[in-house]
Enquirer: 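Once you've had a glance at the structure underneath, I'll fire off some questions.
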There are 2 protein chains.
Amino acid sequence: MTVSELTASAQDYLKMIWSSTEWAEAPITVGAMAERMAVKPSTVSDGIRRLAKQGLVTHAPYGSIELTPAGRAHAVEMVRRHRLLETFLVQILGYGWDEVHDEAEILEHAVSDTMIQRIDEKLGHPTRDPHGDPIPSGNGLPHPPQGDPLTSVEPERTVTITRISDADPDMLRYFTQLGLGPDTRLQVLAHRPYADVTTIRVGDRDVDLGPSAAEAIWVVAN
Amino acid sequence: MTVSELTASAQDYLKMIWSSTEWAEAPITVGAMAERMAVKPSTVSDGIRRLAKQGLVTHAPYGSIELTPAGRAHAVEMVRRHRLLETFLVQILGYGWDEVHDEAEILEHAVSDTMIQRIDEKLGHPTRDPHGDPIPSGNGLPHPPQGDPLTSVEPERTVTITRISDADPDMLRYFTQLGLGPDTRLQVLAHRPYADVTTIRVGDRDVDLGPSAAEAIWVVAN
DNA sequence: CATGAATGTTAGACTGGCCTAACATAAGTG
DNA sequence: CACTTATGTTAGGCCAGTCTAACATTCATG
Ligand SMILES: [Mn+2]
Ligand SMILES: [Mn+2]
Ligand SMILES: [Mn+2]
Ligand SMILES: [Mn+2]
């Protein structure tokens, strides 16, 4: 069975389950899935049951949701599709990095394996998407991600952005204004704990970031 | 209501109804639609009923199927999407003209209005798809098609191909071998009526075409 | 550790899209 | 023009995916 034979909704479930452990260890909950897919928890419960029946996830009632090897393979393929499409939209069609997520979220279910392959070739086998996220290779091996949230960096350190969560387009536009993107270097000036503010220096400008912004940015020391 | 709010199947029905009168006058029948969409007639009957309920077609039981103005607008938009996507796949992703129809048949339901617009700009507002078919403009005006089937041309005339039906990929590959495509010039040597064979000269080669091939090719005198 | 709040599941209903089988109508032919 | 055949419609069933409402389980906190 190839990933194209699954329904769009099954593809999204698998991708989301896989993604939930890419940058954090927390396994995903039914409620979180429902919220992210903008459906009711009962709908997700039902969907998970169908996936379990197909052998793509394991799930005991009220228990945790785990991908089977088959489910994981499909999930990784969907992540590959999503990120290649985002890259394609930016590189070839001139989209902004804040515009591509929603478009890719639909297209990922519609493109053929052939089209993904041609896009991959046209782009020269890219390894990171416009948000810095690793693009799993065609043989199903995800590039291991690296980095830590900006919030966990000690003050005074200079770091480089590895990825920025693409969940919020408005936030991405704000980051664009600030000159923040993958591979941007910045210095962490201070965390102000009770204000939940992280101050950074990027270029010659000092910027205060609230927790949602600071948690969307992942960095490596350098 | 924009065309994106319709289901994929409704979009395909409308497109097919419209297309049936683009090159021939015959209004489409339930049976023909069922065959082309590879579903049973009862399924089409049902689908037409839903479209009528939405005010997109008019249909009396056992009567003819007609698009309403709203239905026609959606249909033309879908034809535009389909043909722009075919052109895009050939021009940008290096597809062959025999490969694009099936891919576009799916993608047309998934791309956003924005993406169609960017593709149109990237391609420089093309007016014909890889098979020579006219691409309706963004304001909903279809370019009027022109030409007559090759079978209707008098012998000895020299003509130019305006379009070739994209229904059969194998046939398109055969035409590629023969050097036949949109804008190819050829001379009609003879129609042999009971053999149902049309002989043409293309370049320095004489070729016999059977009826299905000859009917797929539309030409203008020149 | 008991209990109320949060979370998750099940039951039942609805829609679109498909099917088969039975039925209705239209078209063609002797 | 009657009757057969081709074509189209309806009835009833199934599945995926969604919802609301009712119910079940788990978790956290007093
Ligand atoms: Mn998606
Ligand atoms: Mn991304
Ligand atoms: Mn289609
Ligand atoms: Mn075409």
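In what follows, every chain begins at residue 1, and chains take the letters A, B, ... in the order their sequences are listed.
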Enquirer: Within residues 39-59 of chain A, find the residues that approach DNA chain D with a heavy atom at under 4.0 Å, and present them sorted by residue number.
Expert: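 Result for residues 39-59 of chain A: Val39(A), Lys40(A), Ser42(A), Thr43(A), Asp46(A), Arg50(A), sorted by number.
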Enquirer: Taking only residues two or more places apart in sequence or in another chain, which ones pass side chain to side chain donor-acceptor pair (under 3.5 Å) with Arg173(A)?
Expert: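 Side chain to side chain donor-acceptor pair (under 3.5 Å) list for Arg173(A), sorted by chain: Asp98(A), Asp170(A).
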Enquirer: Start with the C-alpha distance between Ser112(B) and Glu103(A), add both sets of side-chain angles, then the distance that settles side chain to side chain donor-acceptor pair (under 3.5 Å), and finish with yes or no.
Expert: CA-CA 7 Å; Ser112(B) 68; Glu103(A) 189 87 51; 2.5 Å; yes
Enquirer: To the nearest 0.5 angstrom, please state how far the NZ atom of Lys122(B) sits from the CG atom of Leu84(B).
Expert: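 If I round to the nearest 0.5 Å, the distance is 14.5 Å.
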Enquirer: Mind checking salt bridge (charged side-chain N to carboxylate O under 4.0 Å, His left out) for Arg128(A) and listing every partner two or more places apart, or none if nothing turns up?
Expert: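 Only Asp183(A) meet the salt bridge (charged side-chain N to carboxylate O under 4.0 Å, His left out) criterion with Arg128(A).
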Enquirer: Looking at Asp12(A) and Arg36(A), is there a salt bridge between them, counting it only when a charged N and a carboxylate O are closer than 4.0 Å?
Expert: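 No.
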Enquirer: Tell me every residue that passes side chain to side chain donor-acceptor pair (under 3.5 Å) with Glu66(B), counting only those two or more places apart in sequence or in another chain.
Expert: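 Listed in chain order: Ser64(B).
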Enquirer: Counting only heavy atoms not in Arg157(A) (residues, nucleotides, ligands), do more than 12 fall under 6.0 Å from its CZ?
Expert: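 At most 12 heavy atoms, drawn from other residues, nucleotides or ligands, come within 6.0 Å of this atom.
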Enquirer: For residues 63-78 of chain B, which residues have at least one heavy atom under 4.0 Å from DNA chain D?
Expert: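 Residues of residues 63-78 of chain B under 4.0 Å from DNA chain D: none.
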Enquirer: Counting only side-chain nitrogens and oxygens, does Thr7(A) get under 4.0 Å of the OP1 or OP2 atom of dA16(D)?
Expert: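 For dA16(D), OP1/OP2 do not have a side-chain N/O of Thr7(A) under 4.0 Å.
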Enquirer: Could you go through nucleotides 27-29 of chain D and list every protein N or O atom that sits under 3.5 Å from one of its N or O atoms, giving the distance for each pair?
Expert:
none

Enquirer: Quick check on Gln54(B): does its CD atom have over 12 non-hydrogen neighbours (other residues, nucleotides or ligands) under 6.0 Å away?
Expert: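 More than 12 heavy atoms, drawn from other residues, nucleotides or ligands, come within 6.0 Å of this atom.
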Enquirer: Quick one: list whatever passes side chain to side chain donor-acceptor pair (under 3.5 Å) with Arg118(B), sequence neighbours left out.
Expert: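 Listed in chain order: Glu99(A).
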Enquirer: If you walk 5' to 3' along DNA chain C, what is the first nucleotide with an atom under 4.0 Å of a heavy atom in chain B, and what is the last?
Expert: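 Answer, 5' to 3': dG16(C) to dA26(C).
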Enquirer: So which of residues 27-35 of chain A are in contact with DNA chain C, with a heavy-atom cut-off of under 4.0 Å?
Expert: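 Output list: Thr29(A), Val30(A), Gly31(A).
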Enquirer: Go through the steps to decide whether Ser4(B) and Glu77(B) satisfy the test side-chain contact (heavy atoms from CB on, under 4.5 Å), and finish with yes or no.
Expert: CA-CA 10 Å; Ser4(B) 316; Glu77(B) 174 60 24; over 6 Å; no
Enquirer: Compute whether any side-chain donor of one residue and acceptor of the other, for Ser165(B) and Trp218(B), lie under 3.5 angstrom apart.
Expert: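 There is no such pair between these side chains.
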Enquirer: State which residues pass side chain to side chain donor-acceptor pair (under 3.5 Å) with Thr198(B); sequence neighbours excluded, sorted by chain then number.
Expert: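 In terms of side chain to side chain donor-acceptor pair (under 3.5 Å), with neighbours along the sequence ignored, Thr198(B) is linked to His191(B).
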Enquirer: Answer yes or no: is there an ion pair linking Asp46(B) with Arg50(B), defined by an N-O contact shorter than 4.0 Å?
Expert: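 Between Arg50(B) and Asp46(B) there is a salt bridge, with a charged N closer than 4.0 Å to a carboxylate O.
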Enquirer: Filter on ring pair (Phe, Tyr, Trp, His ring centres under 6.0 Å), then keep only pairs touching residues 52-84 of chain B, sequence neighbours left out; what's left?
Expert: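 Every ring pair (Phe, Tyr, Trp, His ring centres under 6.0 Å) pair that includes a residue of residues 52-84 of chain B, provided the two are not neighbours, is His82(B)-His101(B).
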Enquirer: Charged N to carboxylate O below 4.0 Å: is that the case for Glu86(B) and Arg80(B)?
Expert: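 Salt bridge flag = no for Arg80(B) with Glu86(B).
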Enquirer: Note down the inter-axis angle between the two ends of the helix from dC1(C)-dG30(D) to dG30(C)-dC1(D), five pairs each, to the nearest 10°.
Expert: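 About 0° separates the two local helix axes.
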Enquirer: Once you round to the nearest 0.5 Å, how far does CG of Asp120(B) lie from NE2 of His125(B)?
Expert: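 Asp120(B) CG to His125(B) NE2: 5.0 Å, rounded to 0.5 Å.
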Enquirer: Could you tell me whether the side chains of Asp129(A) and Thr87(A) share a donor-acceptor contact shorter than 3.5 Å?
Expert: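 No, no side-chain donor-acceptor contact under 3.5 Å.
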